[in-house]
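Here is the structure we will look at, set down as structure tokens.
Here is the naming used below: chain letters follow the sequence lines, and residue numbers restart at 1 for every chain. Since the structure is predicted, the reported quantities are computational estimates derived from the model, not experimental observations.
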There are 2 protein chains.
Amino acid sequence: MSKGAAHSLYGNPVTVGEVKVAKRSIRGRVVVIDDDVEILAALAALLALENYSCETYASALAYLEVHGKQYPGNFVPSCVLCDVKMPEVDGLELQSRLSALDDTPLLLMSGVSGAPEAVSAFRAGALDFLIKPLDADILLNAVLKALAVSAERQRLKERKLNLAGRIATLTKRELEIARKVALGQTNPSIAQELGIALRTVKLYRQRAMEKMGAKVTADLVRLADEGGLS
Amino acid sequence: MSKGAAHSLYGNPVTVGEVKVAKRSIRGRVVVIDDDVEILAALAALLALENYSCETYASALAYLEVHGKQYPGNFVPSCVLCDVKMPEVDGLELQSRLSALDDTPLLLMSGVSGAPEAVSAFRAGALDFLIKPLDADILLNAVLKALAVSAERQRLKERKLNLAGRIATLTKRELEIARKVALGQTNPSIAQELGIALRTVKLYRQRAMEKMGAKVTADLVRLADEGGLS
DNA sequence: TTTAATTTTGCCCTTTAGGGCAATTGTTTT
DNA sequence: AAAACAATTGCCCTAAAGGGCAAAATTAAA
């Protein structure tokens, strides 16, 4: 592991390999948190070599501070790799705080800790628990998986947001009718239930389909299910 | 914890509280595996008190032997609660063997073990890892969750099987047409693609819906998605 | 208050969906 | 060989879907 990359050692985030970012495609962003600056440096170097974008923090607090101020809409697969044993806010504490704000996959690492720490970490939803001394292969493999999970979550979230956005453009009637159509009700039946004219139902049905981006009714059924309109 | 329930101590499965089964509703079946027969007895008693059906085994091999010969179609939520440290086949080994055969949730428990064991267990898909000495509340809570997971998995599996069964009754043409209908194609379009008459398409479409138990097209769309026909 | 947007409806016309009735081929199973 | 099932089609008829054209009635915003 070369240590050529420049990075801050005391809490300030640093992106390693920014030049590379423009050249090669980045595989994802890894946030490393450890109070041992040597480990921080080594991990940063290793991750940079593997073409990951990497931010390092010497304490959980330092990360939490920056985290809140980050511009949202960050569509890069990311994960947090955090040491368990740290002063003030330890890894498990960070985990519980992050889980409330974020769904970024978390990898915890620890030295001589016993089973209880590992168990707590997993129960709280940690994706993996790495035991120091770290093995590069195991670490990189864990990062790979975490980023894959992150990418999948982001993909899903984006899709949900997109869908929710489209649903939000529906008027009350359009929404009502889209629901009933997705349930398989016929236009005449809907018209009767809502006490409106058949022509009206057809019109809104058509508009709802347009707004939802559904070419055929089958699409609307799927979108309605996915968007929770059923 | 009373020890009134009878149970075998050396590998033969025993159902504790069979009489109760008929009276109160059983909350699920727990398979306990531990080479320490005292723990076995204590757990059996505790679980029986909580109205769980319980089988005990003094070794993983004993359980594996019986497991293969069990009548399938066992629609009772179940989980396995297994000690990690055992001679011959230990908990982690059992875990990997079971995962190939079964999707029953597994709870592992261990005494003075370190983080590595716990980590291995979770990585291999264990639902939880309980540290001895066992706390009754923690244990029962873990069992509760495991059985909930089991129930959900069984529900899903049953649903899949049921759906697969219905799909299996479709003839080739019916299946083909069901697919295209689920994609939103119109009957005339399908007729043209398959080079058959419109009337034929209508007939098979109708039959496919009947066989699949779909009253309206929207239902067929959902069933097709769920059954992987899309 | 006047404009803009939403909600609503009627008339009319074409295409699809749904389905009854009757019948013709191959294939498979008993 | 006869029965049963799969695949097919034609004719005909009703109901539902999709949509153009024109226009009230309401409501919210400028």
| query | Under 4.0 Å between a side-chain N/O of A:Tyr204 and OP1 or OP2 of C:dT8, yes or no? | reply | yes
| query | When you check the phosphate oxygens OP1 and OP2 of C:dT8, does a side-chain N or O of A:Arg173 lie under 4.0 Å from one of them? | reply | yes
| query | Salt bridge check: are A:Glu226 and A:Arg159 linked by an N-O gap of less than 4.0 Å? | reply | yes
| Is any side-chain N of the basic residue among B:Arg173 and B:Glu176 closer than 4.0 Å to the acidic one's carboxylate O? | yes
| query | Does a side-chain N-to-carboxylate-O contact under 4.0 Å join A:Arg207 and A:Glu210? | reply | no
| A:Thr186 side chain N/O closer than 4.0 Å to the phosphate oxygens (OP1, OP2) of D:dA15? | no
| message | Rounded to whole Å, how long is the line connecting atom CG of B:Leu198 with atom P of C:dA17? | response | 8 Å
| What is the nucleic acid contact for A:Thr200, judged by heavy atoms within less than 4.0 Å: base, sugar-phosphate only, or nothing? | base
| query | Taking CD from A:Glu174 and P from C:dA5, how many angstroms apart are they, rounded to a whole number? | reply | 15 Å
| Regarding A:Tyr204 and A:Gln206, is there a side-chain donor-to-acceptor distance under 3.5 Å anywhere? | no
| message | Would you say B:Asn187 places a side-chain N or O within less than 4.0 Å of OP1 or OP2 belonging to C:dT16? | response | no
| query | Would you say D:dA17 has OP1 or OP2 under 4.0 Å from some side-chain N or O of B:Thr217? | reply | no
| said: Looking at the base of C:dG18, is there any donor atom on it, or on the side chain of B:Arg199, that sits under 3.5 Å from an acceptor on the other one? | reply: no
| request: For the pair A:Arg205 and A:Glu174, find out whether any cationic side-chain nitrogen is under 4.0 Å from an anionic carboxylate oxygen. | output: no
| Counting any heavy atom closer than 4.0 Å, what does B:Leu203 reach on the DNA or RNA strands: base, sugar-phosphate only, or nothing? | base
| task | Calculate the interatomic distance between A:Gln192 atom CD and C:dT9 atom P; express it in whole Å. | result | 14 Å
| task | Round to a whole Å and report the spacing from CZ of A:Arg205 to C1' of D:dA17. | result | 7 Å
| remark: When B:Arg207 and A:Lys202 are each assigned the nearest nucleotide of DNA chain D, the 5'-most assignment goes to B:Arg207
| remark: Taking C:dT7, C:dG19, C:dT16 as options, the one with an atom nearest any side-chain atom of A:Thr171 is C:dT7
